[in-house]
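Here is the structure we will look at.
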Amino acid sequence: DMRETMDLDGDYDDDDEEEGEKTRVIRTWIRSVLGKIIHYEAEHQHLLDEVATSLQLVLPQDIVMNNVLPFLELPSCTFEVVDD
């Protein structure tokens, strides 16, 4: 619903159009940031798996699993990129 209003000079106000463009730009930026977060979380998990494998070669598995990995894992959060 695009509403046009006439200002005192008789010109149509296009603030709604500008707001729509700003909203689109902000949503695009947020999607970009969320995409990067998802990418870096996956990269972090990959590196964590590699480190865990290496540590298990030199330390007992229960020490690695119970005392090392919990400090290296990211807090559980879910980020999803949803298209409009």
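Atom set for the values below is all heavy atoms of this structure, side chains included, hydrogens, waters and symmetry mates excluded.
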In this structure, CD of E50 is separated from NE2 of H46 (nearest 0.5 Å) by 4.0 Å
Same hydrophobic cluster for V51 and M65, using side-chain heavy-atom links shorter than 4.5 Å among ILVMFWY?
yes
With a 4.5 Å cut-off on side-chain heavy-atom distances among I, L, V, M, F, W and Y, is there a chain of contacts connecting I38 to Y40?
no
Contacts of D62 meeting side chain to side chain contact (heavy atoms under 4.5 Å, CB included) (sequence neighbours excluded), chain-then-number -> P60, N66
Shared hydrophobic cluster, V33 / V25 (ILVMFWY, side-chain heavy atoms < 4.5 Å)
no
Between atom OG1 of T53 and atom CG of L48, what is the distance when rounded to the nearest 0.5 Å?
9.5 Å
Please identify each residue that fulfils side chain to side chain contact (heavy atoms under 4.5 Å, CB included) with I30, with sequence neighbours left out.
I26, L34
Identify, with sequence neighbours excluded, every residue that meets side chain to side chain donor-acceptor pair (under 3.5 Å) alongside Q56.
none
Would L69 and V58 show up in the same hydrophobic cluster when neighbours are defined by side-chain heavy atoms closer than 4.5 Å?
yes
Determine, stepwise, if the pair R24 / E21 fulfils side-chain contact (heavy atoms from CB on, under 4.5 Å).
CA-CA 5 Å; R24 187 190 64 74; E21 178 65 16; 2.6 Å; yes
Looking at residues at least two apart in the chain, or sitting in another chain, which of them share a side chain to side chain donor-acceptor pair (under 3.5 Å) with D49?
Q45
